[in-house]
Amino acid sequence: MSDIRVITPGLLTTIQDKGRIGYQQFGMPVAGAMDEYSLRLGNILLQNREYEAALEVTMIGPELQFNIDTVIAITGGNLQPKINDIEVGMWRTLKINKGDKLSFGKVKEGIRSYICFYGELNITEVMGSKSTYAKAGIGGVNGRALKIGDKLNLIKKEENFDYILNKKIKECYIPKFTGNYDIRVILGPQKENFTEKGINTFLSSNYEVTDECDRMGYRLSGDKIEHKEGADIISDGIALGSVQVPGHGMPIIMMADRQTTGGYTKIATVISSDISILAQAKPGDKINFNKVSVKEAHNILKEYEYKIVQIKNSIEDIKDINIEILRKKAYKVKVNGESFNVLVEEVK
């Protein structure tokens, strides 16, 4: 019997880790988690490797049946996770008993959640990664998103996981996904292809995420960015966060599943520290771009990595069991022909 059975897959649920690093020169996209901050913190809670593969859930979550006692952590956007139909907290470890069902409600904040598992998912690596890249049909479960009836198995580190129960991330480290985002960029590599007016438009306008947004890229709408001559260039490399501007003048931000090369001018590149914030933007959300220098971006990255170290050293215990319900189960009880909903809590 498999450890986890997929009852319903959700809109787009894929296995993602850090991605395939070092293969872009051969035309292989990196893929990997859109929101690496949430992936890392989920694994830190479980004392896994920081980039261990997890389930990336987009907008509509799956329903999973567990056939094993284990521990999970759910981070990222709030899609109202539930265990046995009872809503549970995020950014903390959650005990799973054999027979439990994990499901999700509606999008409350952000757009992507990460389900991290104690130990690791038993998935074959392709080019050093378990990440799903659906366009090429590689990684994850048969190179695709999860579907009904899929079965997943876990590789446990050890049988006793009491030492990671009832742990949580400090509130000050939990991001807020407001729908209005200030995203920092470094101008270039083709900023000389844009007029001064075009660059000022890019940096002063409020752009909106359109319905054309996925793991490959985000198309934005707003004020038109002016080129000096044309939008086409000789194809060159596409970095994570590259902001392309085709002839129509609307920016496109390249994300995890981006192609390796492209022939449109790139006005800027989103700094790596802000990609995770951007990954939680959904259609209708607003984006403002703020210019930083390369040196400033390096310092921001150093601060970001130092923050991860601080988080590791500040994992909190959930102490007040009257506030933090550790286990809850709901039952329907029928007495003399009348049905009652009964909630049973386990606080040991």
Side-chain angles (χ1 to χ4, degrees), residues 1-10 13 15 38-39 41-49 52-57 60-76 78-105 108 113-123 141 146 148-169 315-334 339-348:
M1 181 180 289
S2 60
D3 294 337
I4 304 167
R5 181 170 64 90
V6 179
I7 300 172
T8 58
T13 303
I15 293 171
S38 294
L39 174 72
L41 265 59
N43 281 316
I44 285 170
L45 275 169
L46 296 166
Q47 296 189 24
N48 291 338
R49 291 176 297 184
E52 187 53 60
L55 293 183
E56 181 181 272
V57 176
I60 299 173
E63 184 175 1
L64 306 176
Q65 170 87 53
F66 286 81
N67 298 307
I68 189 175
D69 292 337
T70 189
V71 184
I72 65 172
I74 303 172
T75 57
N78 187 352
L79 309 186
Q80 300 188 67
K82 302 173 183 179
I83 296 176
N84 301 324
D85 294 323
I86 304 297
E87 192 167 346
V88 295
M90 297 180 59
W91 304 93
R92 65 193 63 192
T93 56
L94 297 165
K95 176 69 165 62
I96 294 288
N97 291 328
K98 186 176 180 180
D100 283 350
K101 289 183 180 179
L102 173 67
S103 60
F104 293 80
K108 192 172 182 180
S113 285
Y114 292 82
I115 309 170
C116 300
F117 304 91
Y118 173 71
E120 61 180 292
L121 287 165
N122 189 10
I123 298 292
V141 178
L146 296 188
I148 295 173
D150 278 342
K151 297 175 181 179
L152 304 171
N153 287 304
L154 300 176
I155 301 172
K156 294 190 291 185
K157 292 186 290 189
E158 53 187 90
E159 293 295 327
N160 182 10
F161 41 65
D162 289 347
Y163 68 99
I164 58 168
L165 292 178
N166 313 325
K167 303 291 185 182
K168 67 177 182 178
I169 300 294
I315 298 297
E316 293 184 329
D317 289 324
I318 299 173
K319 297 176 181 177
D320 188 349
I321 60 175
N322 293 315
I323 297 175
E324 306 288 352
I325 298 174
L326 307 185
R327 296 290 303 139
K328 297 195 278 190
K329 283 196 175 183
Y331 299 91
K332 276 192 174 180
V333 179
K334 205 167 190 178
S339 294
F340 299 89
N341 291 319
V342 178
L343 180 65
V344 177
E345 301 177 8
E346 176 187 342
V347 293
K348 66 180 182 180

Tightest non-hydrogen contact, residues Lys167 and Ile315, listed as CB-CG2, 3.7 Å
Looking at Ser2, is its backbone amide N or carbonyl O close enough to the side chain of Asn153 to form a donor-acceptor pair, meaning the two atoms are under 3.5 Å apart? no
Under 3.5 Å donor-acceptor, Thr93 side chain and Ile164 backbone: yes
From Lys108 atom NZ to Met90 atom CE, the distance as rounded to the nearest 0.5 Å: 10.5 Å
Inter-residue atom distance Ile86.CD1 - Ser103.OG, 0.5 Å rounding: 9.5 Å
Between Thr8 (side chain) and Glu63 (backbone), is there a donor-acceptor pair under 3.5 Å? yes
Between the OG atom in Ser38 and the CD1 atom in Ile74, the distance rounded to the nearest 0.5 Å is 12.0 Å
Are the side chains of Val6 and Lys151 in contact, using a 4.5 Å heavy-atom criterion? no
Are the side chains of Thr13 and Ile115 in touch, meaning some heavy atoms are under 4.5 Å apart? no
Quick one: side chain to side chain contact (heavy atoms under 4.5 Å, CB included) partners of Lys156, sequence neighbours excluded? Ile68, Glu159
Distance from Leu39 atom CG to Leu41 atom CG, nearest 0.5 Å? 9.5 Å
Side-chain donor/acceptor of Asn122 to backbone N/O of Leu154, under 3.5 Å: no
Separation between CD1 (Ile44) and CD1 (Ile169), nearest 0.5 Å, reads 6.5 Å
Using the six-membered ring wherever Trp is involved, compare the ring planes of Phe161 and Tyr118 and label them parallel, tilted or perpendicular (cut-offs 30° and 60°). perpendicular
Do Ile7 and Leu64 come close enough that some side-chain heavy atom pair is under 4.5 Å? no
I'd like to know if the side chain of Asn43 and the backbone of Asn48 have a donor-acceptor N/O pair within less than 3.5 Å. no
Specify the closest pair of heavy atoms between Leu146 and Pro9, including all atoms of both residues, with the distance to one decimal. O-CB, 3.1 Å
Taken to the nearest 0.5 Å, the spacing of Ile4 CD1 from Asp150 CG works out to 11.5 Å
Under a 3.5 Å threshold, yes or no: a donor from one side chain and an acceptor from the other, between Asn97 and Lys95? yes
Test item: Thr70 and Phe117 side chains (from C-beta on) under 4.5 Å apart, heavy atoms: no
For Cys116 and Ala54, which heavy atoms make the closest approach, and how far apart are they? SG-CB, 3.8 Å
Distance-minimising heavy-atom pair for Glu87 and Gln80: OE1-OE1, 3.5 Å
So among Leu94, Leu55, Ile72, which one has a side chain to side chain contact (heavy atoms under 4.5 Å, CB included) with Leu102? Ile72
